[in-house]
Amino acid sequence: CMAPALYAALPYDPVKDFSPMSGMAVWPNMLVVNNDVPAKTVPELIALLKAKPGKLNMASSGSGTTIHLAGEMFKQMTGTDMVHVPYKGSAGALQDLMSGATQVMFDNMPSCWPLVQAGKMRALGVTSAEPSAALPGVPAIARGDPGLRGYEVANWLGLVAPAATPRSVVNTIHAAVVASAADAALRTQLLALGIDRLIRRAFAISPELRRRHPLLEPRANRYLPILHRALKALLWLVAFLALLNAWGVDSLAWVERPI
């Protein structure tokens, strides 16, 4: 749904060209930090960021992802600054977070929660409006500071088909999804990954898709300024690193500098 805000032209319309079959799951991102970061709570992290503006590196799975935008919205709402370091996917980003090359990340729960459980990084909060039932003891970020009231970032997963798909096919697939959502073993496995909400409603994605489409719903337009600022900051960072290289300075060493 973020694609229309990121690209000038798309070969498809995310609302008109698809027929929603069924919602499947919703889960938040998780604010995780390297174990050497002294902050143990969201307020302590905000205090650290304000004491050291621009000194901590914030990893993401790529520019424009929910992981990136969750961090940019956090920075905007708290008046803090971190250096965004985009990766090509979460695997490399999490590896560098564990090594200390970066210090902060707002990762998807299914990929980072097992690492938190293994003690390889620390969880400070989740990006949902309320704490997740799958993560006892991990608070909602929105409750960590008065300036974060209304902070919420969620990922949702659903099945869609081409707009002309016969209704009988849509109904059959939806019924199969509802049946699988009732499977206790599946729910237990998903809960272990931090996914505690399964959508069973028939054809539930269409209103959800329209609500979250950044160019169709005024409520979602709050993400556009964040996107524009983040992309501008990325361009400045690329230009700065190119300048460092031109001066013979190791730009990678600069990004990996200690906090």
Side-chain angles (χ1 to χ4, degrees), residues 1-2 6 25-37 39-42 44-46 48-49 56-78 80-144 148 151-157 189-197 212 223 226-227 230 233-234 255-256 259:
C1 292
M2 298 308 300
L6 293 171
V26 179
W27 66 93
N29 288 356
M30 177 183 285
L31 168 56
V32 290
V33 297
N34 175 270
N35 284 331
D36 291 334
V37 172
K40 301 295 192 299
T41 65
V42 170
E44 289 180 2
L45 178 62
I46 294 173
L48 178 63
L49 293 173
L56 274 69
N57 297 323
M58 181 187 75
S60 82
S61 59
S63 297
T65 61
T66 62
I67 296 171
H68 174 207
L69 296 181
E72 294 295 339
M73 187 158 63
F74 180 89
K75 288 161 56 178
Q76 181 187 40
M77 295 179 72
T78 58
T80 56
D81 185 32
M82 292 178 279
V83 178
H84 175 225
V85 184
Y87 290 77
K88 294 180 179 180
S90 284
L94 290 169
Q95 188 65 40
D96 275 5
L97 182 69
M98 289 186 287
S99 72
T102 61
Q103 292 77 44
V104 181
M105 188 173 178
F106 292 77
D107 194 35
N108 286 322
M109 282 172 47
S111 57
C112 69
W113 179 232
L115 298 174
V116 172
Q117 292 177 302
K120 295 183 178 181
M121 57 184 62
R122 186 186 314 123
L124 300 189
V126 291
T127 62
S128 49
E130 301 293 333
S132 170
L135 307 168
V138 182
I141 293 173
R143 298 184 178 183
L148 287 168
Y151 179 91
E152 181 183 6
V153 177
N155 303 281
W156 59 272
L157 177 67
Q189 185 176 4
L190 292 176
L191 195 65
L193 294 174
I195 300 174
D196 64 346
R197 288 178 57 196
R212 294 188 181 277
Y223 296 111
I226 297 171
L227 269 172
L234 177 62
V255 170
E256 294 179 346
I259 63 173

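The figures that follow rest on heavy atoms only: side chains count, while hydrogens, waters and symmetry mates do not.
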Q: Identify the heavy atoms of Tyr151 and Phe74 that sit nearest to each other, and give their distance.
A: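 Between these two residues, the closest heavy atoms are CE1-N, 3.6 Å.
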Q: To the nearest 0.5 Å, what is the distance between OG1 (Thr102) and CG (Asn57)?
A: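 With rounding to 0.5 Å, OG1 (Thr102) is 6.5 Å from CG (Asn57).
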Q: How many angstroms lie between atom CE of Met77 and atom CD of Glu72, to the nearest 0.5 angstrom?
A: 13.5 Å
Q: Might you point out which heavy atoms bring Ser128 and Ala140 nearest each other, and give the distance in Å?
A: O-CB, 3.5 Å
Q: Tell me if a side-chain donor or acceptor on Asn34 pairs with a main-chain N or O of Asp36 at a distance below 3.5 Å.
A: yes
Q: Checking the side chain of Arg122 only, and the main-chain atoms of Asn35 only, is there a donor and an acceptor separated by less than 3.5 Å?
A: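 Yes, Arg122 side chain to Asn35 backbone: donor-acceptor pair under 3.5 Å.
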Q: Take Ile67 and Met105 through the test side-chain contact (heavy atoms from CB on, under 4.5 Å) and record every step on the way to the result.
A: CA-CA 7 Å; Ile67 296 171; Met105 188 173 178; 4.1 Å; yes
Q: Test: salt bridge (Lys or Arg N to Asp or Glu O under 4.0 Å). Region: residues 61-71. Which pairs qualify, not counting sequence neighbours?
A: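 Of all non-adjacent pairs touching residues 61-71, none passes salt bridge (Lys or Arg N to Asp or Glu O under 4.0 Å).
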Q: Do Met98 and Leu115 have side chains that approach each other closer than 4.5 Å (heavy atoms only, starting at C-beta)?
A: yes
Q: Are any of the side-chain heavy atoms of Pro131 and Pro139 separated by less than 4.5 Å?
A: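 The answer is no; the side chains never approach within 4.5 Å.
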Q: Shortest non-hydrogen contact from Ala123 to Val116?
A: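 Heavy-atom minimum between the residues: CB-CG1, 3.9 Å.
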Q: Against Leu56, only a single residue in Val33, Leu48, Asp81 fulfils side-chain contact (heavy atoms from CB on, under 4.5 Å); can you say which?
A: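 The side-chain contact (heavy atoms from CB on, under 4.5 Å) with Leu56 is passed solely by Leu48 among Val33, Leu48, Asp81.
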Q: Kindly indicate whether the side chain of Leu69, heavy atoms from C-beta on, has any atom under 4.5 Å from the side chain of Val153.
A: no
Q: How long is the straight-line distance from CE of Met121 back to CG of Leu31, given to the nearest 0.5 Å?
A: 11.5 Å
Q: Less than 4.5 Å apart, side chain to side chain, heavy atoms only: is that true for Met30 and Trp113?
A: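 Contact flag for Met30/Trp113 side chains = yes.
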Q: Would you say CD of Glu44 has more than 12 non-hydrogen atoms from neighbouring residues, nucleotides or ligands within 6.0 angstrom?
A: yes
Q: Going by atom types only, do His68 and Ser61 share a side-chain donor-acceptor pair under 3.5 Å?
A: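 Judged by distance alone, the side chains do not pair up.
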Q: Among Asn29, Thr127, Asn155, Val126, find the residue that satisfies the side-chain contact (heavy atoms from CB on, under 4.5 Å) test when tested with Met109.
A: Val126
Q: Give, for atom CG of Asp96 and atom OH of Tyr87, the distance between the pair rounded to the nearest 0.5 Å.
A: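 Atom-to-atom, Asp96:CG and Tyr87:OH are 3.5 Å apart.
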Q: Would you say Arg143's side chain and Leu148's backbone share a donor-acceptor pair under 3.5 angstrom?
A: no
Q: Looking only at the side chains, is there a donor atom on one of Ser90 and Asp107 sitting less than 3.5 Å from an acceptor on the other?
A: yes
Q: Counting N and O atoms only, with roles assigned by atom type, does the side chain of Lys75 sit under 3.5 Å from a partner on the main chain of Met82, one being a donor and the other an acceptor?
A: yes
Q: Do Leu94 and Ser111 come within less than 4.5 Å of each other through their side chains, counting heavy atoms only?
A: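 They are in side-chain contact.
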Q: How far apart are the closest heavy atoms of Pro110 and Pro114, and which atoms are they?
A: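 Smallest heavy-atom distance, with atoms named: O-CD, 3.5 Å.
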